[in-house]
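Please read the structure below before turning to the comments.
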Amino acid sequence: MQKQRLLVNGKRLKDELEIFADYGRTPNNGVTRLALSEEDRLARDYFCECCEQLGMTVKVDDKGSIWATLRGIEDKPPIIMGSHLDTVKKGGRFDGVLGVLAGLEVVRTLVENNITPRIPITIVNITNEEGARFEPSMMASGVLSGKFDKSEMLKKKDSDGVTFEDALEKIGYTGEIKNRLEEGTAFLELHVEQGPVLESENFAIGVVEAVMGMVCYEIEITGESDHAGTTPMAMRKDALFAMNDFIQSIRPQLGKLDDELVFTVGRVNVKPNIHTVIPNKVVFSLEARHKDESVIKEVEKKIQEHSQMIINQGDCDVKLTKMWFRDTVWFDEKLIDLLEKAAQTLGYSYKKMISGAGHDAQFINRIIPSVMLFVPSKNGKSHCEEEATTWRECEQGANMLLEVILTMVKE
């Protein structure tokens, strides 16, 4: 008779997810738990309490990230699981927190079955992944990996003028630099997909091969303000119309580059924003994401060309500022293979995929071998109160982590 596989306690995971949702639960069953807020403090305190009850050693680093470690038989670099506890305003109950609590459930399963892992197991809550209160997103993992400067990040302010450093001190999570991650065997991040692919194609698990590269430009078009009623159309230098020309011309060109390319005009500021005045300035963002660096370079080329087209029309000037850029981050092939084997062992349907959203794992990958796995998001919703993943899907994600952990600690 085949030995029954060890699985997590799905009901316990569900109960914990609901408990954590109470730290910032909104009227429409979403969550607002901004980084370093009182709600975040309460969630952190409870997380630390849960870990300590399991006999784990809990440490806090100098960016407030929490590292809880279950001792192993051998004193070797740990296998790390986790994600983040902070949310956006009126976000969902699963984004980030699922990865932390699934890790907690894996450790609980090991402890209650008297399994001492060969090497240590660590669960991490990484501070300020969302960047909803303090920009940029993935701040703590960015500092950890050398992407961001710590001193600059500590000075970042929220909309009320509170600095990150002061907020960290206020909630009592100013830790020590010696508690930072320095080495590890692997980092595993479970996350909701935040997109519609897994659900629409009926897959239970997404095995994430990479986080796709992106580029974001701020485009500033400057014209002249005049009276909206007295200035003939032929004599206008309308910055908003010029923006419209730019978008209408570049959209089909970008669409032809590659079917997997996604691009967005996500922010638009119009000045003076008065209905009786011709706009004299428009500032907007254009972001594009793709796994292939050559496609991203083609996007940048198109932006340059269409900006010059607006200038050549002679009505407005255009200024381009490259705001953000990242290369595609490819995850560890051996860990990807372990995830595939885990899905096959557990009988879960899976799809290898590229993440369009950024995650802490892309920065942690610069330090230690990393990988991500996704579970479905209902209707692709995330960063909103409607975000939903079934309890069964959450349980399957946690079982994937457990299966990989059991395999790795036996090797």
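Positions are given from 1 along the sequence.
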Report the relative orientation of the aromatic rings in Y46 and F20; use parallel for angles under 30°, tilted for 30 to 60°, perpendicular for over 60°.
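Geometry flag for F20 against Y46: tilted rings.
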Partners of E220 by salt bridge (charged side-chain N to carboxylate O under 4.0 Å, His left out), sequence neighbours excluded?
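Residues passing salt bridge (charged side-chain N to carboxylate O under 4.0 Å, His left out) with E220: K281.
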Whether the side chain of [X] engages the backbone of [Y] through a donor-acceptor N/O pair (distance < 3.5 Å, no angle test) should be reported.
| X | Y | value |
| --- | --- | --- |
| N113 | I115 | no |
| S355 | A357 | yes |
| R41 | G172 | no |
| E193 | L198 | yes |
| N128 | F134 | yes |
| R289 | M212 | no |
| T32 | G24 | no |
| D40 | D86 | no |
| Q362 | H359 | yes |

Hey, are [Y] and [X] close enough side-chain-wise for a donor-acceptor pair under 3.5 Å?
| X | Y | answer |
| --- | --- | --- |
| Q194 | S382 | yes |
| N399 | Y348 | yes |
| S37 | E39 | yes |
| H191 | D95 | yes |

In terms of side-chain geometry, is the basic nitrogen of [X] or [Y] positioned less than 4.0 Å from the acidic oxygen of its partner?
| X | Y | result |
| --- | --- | --- |
| E298 | K302 | no |
| E209 | K291 | no |
| E395 | R392 | no |

side-chain hydrogen bond (donor to acceptor under 3.5 Å, both in side chains) involving [X] - partner list, sequence neighbours excluded:
| X | value |
| --- | --- |
| E105 | R12, T109 |
| E385 | T26, N28 |
| Q344 | Y350 |
| K170 | none |

Do [X] and [Y] have side chains that approach each other closer than 4.5 Å (heavy atoms only, starting at C-beta)?
| X | Y | result |
| --- | --- | --- |
| T222 | K271 | no |
| L286 | I250 | yes |
| M153 | F164 | no |
| L154 | T163 | no |
| L13 | L101 | yes |
| L188 | I80 | no |
| V371 | P369 | no |
| F187 | L335 | no |

side-chain contact (heavy atoms from CB on, under 4.5 Å) with K147: which residues, sequence neighbours excluded?
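Once residues adjacent in sequence are excluded, the partners of K147 under the side-chain contact (heavy atoms from CB on, under 4.5 Å) criterion are S145, F363, R366.
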Around atom [atom1] of [X], are there more than 12 heavy atoms of other residues, nucleotides or ligands at under 6.0 Å?
| X | atom1 | answer |
| --- | --- | --- |
| E182 | CD | no |
| D75 | CG | no |
| N312 | CG | yes |
| E169 | CD | no |
| W391 | CH2 | yes |

Pairs meeting criterion salt bridge (charged side-chain N to carboxylate O under 4.0 Å, His left out) with involvement of [range], two or more places apart:
| range | answer |
| --- | --- |
| residues 155-165 | R133-D158 |
| residues 16-30 | E16-R108, E18-R25, E18-R93, D22-R25 |
| residues 195-205 | E201-K351 |
| residues 330-347 | D337-K341, E340-K352 |

Nearest-0.5 Å distance, [atom1] of residue [X] to [atom2] of residue [Y]:
| X | Y | atom1 | atom2 | result |
| --- | --- | --- | --- | --- |
| F148 | M138 | CZ | CE | 6.5 Å |
| M139 | S141 | CE | OG | 10.5 Å |
| S137 | E130 | OG | CD | 8.0 Å |
| L98 | L190 | CG | CG | 4.5 Å |
| Y217 | Q304 | OH | CD | 5.5 Å |

Can you give each donor-acceptor pair under 3.5 Å made by side-chain atoms of residues 54-69, sequence neighbours left out, with the distance rounded to 0.1 Å?
unit_1 : atom_1 : unit_2 : atom_2 : d
D61    : OD1    : K63    : N      : 2.9
D61    : OD1    : G64    : N      : 3.1
D61    : OD1    : S65    : N      : 3.0
D61    : OD2    : W67    : NE1    : 3.1
D62    : OD1    : R180   : NE     : 2.8
D62    : OD2    : K150   : NZ     : 2.8
D62    : OD2    : R180   : NE     : 3.3
D62    : OD2    : R180   : NH2    : 2.8
S65    : OG     : T127   : N      : 3.1
T69    : OG1    : T122   : OG1    : 2.8

Trace of the side chain to side chain contact (heavy atoms under 4.5 Å, CB included) decision for Y173 with C48:
CA-CA 11 Å; Y173 277 86; C48 291; 3.9 Å; yes
Answer yes or no for R236 and F241: cation-pi contact, defined as NZ/CZ to six-membered ring centre under 6.0 Å and angle to ring axis within 45°.
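No, R236 and F241 do not form such a contact.
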Least distance between heavy atoms, G92 atom then T87 atom
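In this case the closest contact between G92 and T87 is O-CG2, 4.3 Å.
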Non-hydrogen atoms of D292 and T328 that approach each other most closely:
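Nearest pair, atom of D292 first, then T328: N-OG1, 4.4 Å.
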One pair to check against side chain to side chain contact (heavy atoms under 4.5 Å, CB included): M309 and S249. What are the steps and the verdict?
CA-CA 10 Å; M309 177 197 76; S249 63; 3.4 Å; yes
Can I get a per-line list of side-chain donor-acceptor pairs under 3.5 Å for residues 255-267, giving both atom names and the distance, sequence neighbours left out?
unit_1 : atom_1 : unit_2 : atom_2 : d
D258   : OD1    : E260   : N      : 2.8
D258   : OD1    : H290   : NE2    : 3.1

